[in-house]
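These notes are about the structure you will find just below.
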Amino acid sequence: MTTYKSTQHTVHKKIVIKLGGSMLARLTDTFFEELKNLKAAGAEIVIVHGGGPAINKALKERKINSYTHNGIRVTSEEAIETVTGTLIGTVNPFLTGRLNRAGILAVGLNGEDGNLIECTYLDKETYGYVGNIESINIDLLEQLQKIDYIPVVACIGATVEGTALNINGDTVASEIALEWGADELLLVTDTPGVKFHEETVEELTPEQIDLWIVSGDIYGGMIPKVKAAVECLEAGIPQVKIVDDALEGTSILRKKVLV
């Protein structure tokens, strides 16, 4: 069974937590208690969130077509206003409010706040208003940490001219983790890590993941989750974990483990 506990070995760690949009309405009191435990143990935390379900609902209500290409939401000029309005105006305040009501100091941010995420167009012809991250203002995040606030970052960047651009949430979390020198990236999902024969595995390597995908032991919705974790690990983040909202789950490590 799972042995990872968020309150262990966390002193002075820098942790980036990525929350998918589908998780935001499901967060239990346990999630907020675990954040308090991490903070009490000395960890510095940045939360990055998406908002897929809320964005899909808002686009549908406005009868704006939306689709993904290569795993990226194609964002038209018509859609970007709805995407930014939903993430910045609805989803981010919802999550930040829950954190503050739980007694966790938090401040909501998007890419234009303090020039946090400066972007260029990823490929305007193909993806529309989607950003490619050029720089991240890590100093802003560190200054907030010094006064004990958790930055809560919506996945919206901006060009130097101030044009808002949509960005994949995993990309934002990974880039912040790399630039900040984070010790861990936690990908919060609706399952407690990767399971093998109904038991949650404590540790996995990319090599083991490849084998289990071929064998069918990793399947369905878990495949993109583990692939995203491996991509983050290969980008240079020391440790990536796929966890549930109790922050328990599976560590994806570079070292070879026996399973």
Side-chain angles (χ1 to χ4, degrees), residues 1-23 26-27 30-31 34-35 37-38 41 43-50 52 70-72 133 153 155 167-259:
M1 295 295 291
T2 303
T3 60
Y4 167 69
K5 290 295 293 181
S6 63
T7 53
Q8 296 174 346
H9 310 300
T10 58
V11 176
H12 304 308
K13 277 191 174 181
K14 294 180 177 181
I15 301 173
V16 174
I17 297 175
K18 162 57 175 35
L19 290 171
S22 62
M23 286 300 302
R26 305 182 194 179
L27 294 175
T30 301
F31 173 76
E34 289 298 328
L35 284 186
N37 291 338
L38 284 169
E44 296 180 351
I45 300 168
V46 173
I47 295 176
V48 176
H49 71 83
N70 294 329
I72 297 171
I133 297 174
V153 182
C155 299
I167 315 172
N168 177 271
D170 289 335
T171 300
V172 174
S174 177
E175 290 295 325
I176 287 177
L178 287 169
E179 290 294 320
W180 189 34
D183 299 289
E184 294 179 353
L185 171 60
L186 306 185
L187 303 176
V188 182
T189 72
D190 54 3
T191 57
V194 182
K195 291 187 176 183
F196 183 72
H197 294 166
E198 302 304 318
E199 296 288 328
T200 300
V201 179
E202 180 182 356
E203 296 181 346
L204 274 177
T205 63
E207 293 78 13
Q208 190 68 58
I209 287 170
D210 288 341
L211 290 173
W212 283 8
I213 290 175
V214 171
S215 68
D217 291 297
I218 294 177
Y219 58 91
M222 183 55 69
I223 292 177
K225 294 172 185 176
V226 295
K227 286 186 174 180
V230 170
E231 287 176 1
C232 293
L233 191 70
E234 291 176 345
I237 298 168
Q239 186 168 217
V240 182
K241 297 180 179 179
I242 298 175
V243 299
D244 60 9
D245 71 348
L247 304 186
E248 299 182 359
T250 302
S251 297
I252 312 299
L253 306 173
R254 290 190 182 90
K255 67 179 182 179
K256 186 175 182 179
V257 296
L258 297 177
V259 179

Q: Determine the minimum heavy-atom distance between K195 and V201, stating which atoms define it.
A: C-CG2, 4.4 Å
Q: Would you name the heavy atoms of A228 and D170 that are closest together and state the gap between them?
A: CB-OD2, 3.8 Å
Q | Derivation and outcome, side-chain contact (heavy atoms from CB on, under 4.5 Å), residues I252 and T205 | A | CA-CA 6 Å; I252 312 299; T205 63; over 6 Å; no
**Q.** Within-4.5 Å side-chain heavy-atom neighbours: E203 and S251
**A.** yes
Q: Say whether, by atom type as modelled, one donor and one acceptor occur between the side chain of D244 and the main chain of A246 under 3.5 angstrom.
A: yes
Q: Please list, chain by chain and in numerical order, all residues satisfying salt bridge (Lys or Arg N to Asp or Glu O under 4.0 Å) with D190, sequence neighbours excluded.
A: R26, K225
Q. Hey, what do you get for CD1 (I209) to OG1 (T250), rounding to the nearest 0.5 Å?
A. 9.0 Å
Q) Got a donor-acceptor contact below 3.5 angstrom from the K14 side chain to the E184 backbone? A) no
Q: Determine, for K13 against E44, whether the closest basic-nitrogen to carboxylate-oxygen distance falls under 4.0 angstrom.
A: no
Q. Under 4.5 Å between any side-chain heavy atoms of L19 and F31, yes or no?
A. yes
Q. Pick from K241, Q239, E202, Q208: which one makes a side-chain contact (heavy atoms from CB on, under 4.5 Å) with L253?
A. Q239
Q) Would a 4.5 Å heavy-atom cut-off, applied to side chains only, mark I167 and I133 as touching? A) yes
(Q) Under the criterion side-chain contact (heavy atoms from CB on, under 4.5 Å), I'd like the reasoning laid out for F196 against L204: C-alpha separation, chi angles, the key distance, then a yes or no. (A) CA-CA 11 Å; F196 183 72; L204 274 177; over 6 Å; no
**Q.** Heavy-atom pair of closest approach, residues A173 and V16
**A.** O-CG1, 3.8 Å
**Q.** Side-chain heavy-atom pair V226, I218 within 4.5 angstrom cut-off
**A.** yes
Q.
Please check: side-chain N/O of T200 versus main-chain N/O of P192, any donor-acceptor pairing under 3.5 Å?
A. yes
(Q) Can you give me the closest heavy-atom contact between A235 and L178, atom names plus distance? (A) O-CD2, 3.4 Å
Q) Below 4.5 Å, heavy atoms only, C-beta onward: do D245 and M23 meet side chain to side chain? A) yes
Q | Flag side-chain contact, heavy atom, 4.5 Å: L185 against C232 | A | yes
Q.
With rounding to the nearest 0.5 angstrom, report the CG to CE distance, D217 to M222.
A. 12.5 Å
**Q.** Nearest heavy atoms of L233 and P206, plus distance in Å
**A.** CD2-CG, 3.9 Å
Q: Check whether any side-chain heavy atom of I47 lies under 4.5 Å from a side-chain heavy atom of I45, and answer yes or no.
A: yes
Q) Taking only residues two or more places apart in sequence or in another chain, which ones pass side chain to side chain contact (heavy atoms under 4.5 Å, CB included) with E231? A) none
Q: Taking the side chain as every heavy atom from C-beta outward, state whether I213 and Y219 have any atom pair closer than 4.5 Å.
A: no
(Q) On a heavy-atom basis, which atom in L186 and which in V243 lie closest, and how many Å separate them? (A) CB-CG2, 4.2 Å
Q: Using side chain to side chain contact (heavy atoms under 4.5 Å, CB included) as the criterion, list what pairs up with C155, not counting sequence neighbours.
A: V48, V172
Q.
Could you measure the distance from the CG atom of L247 to the CG atom of L38? Nearest 0.5 Å is fine.
A. 6.0 Å
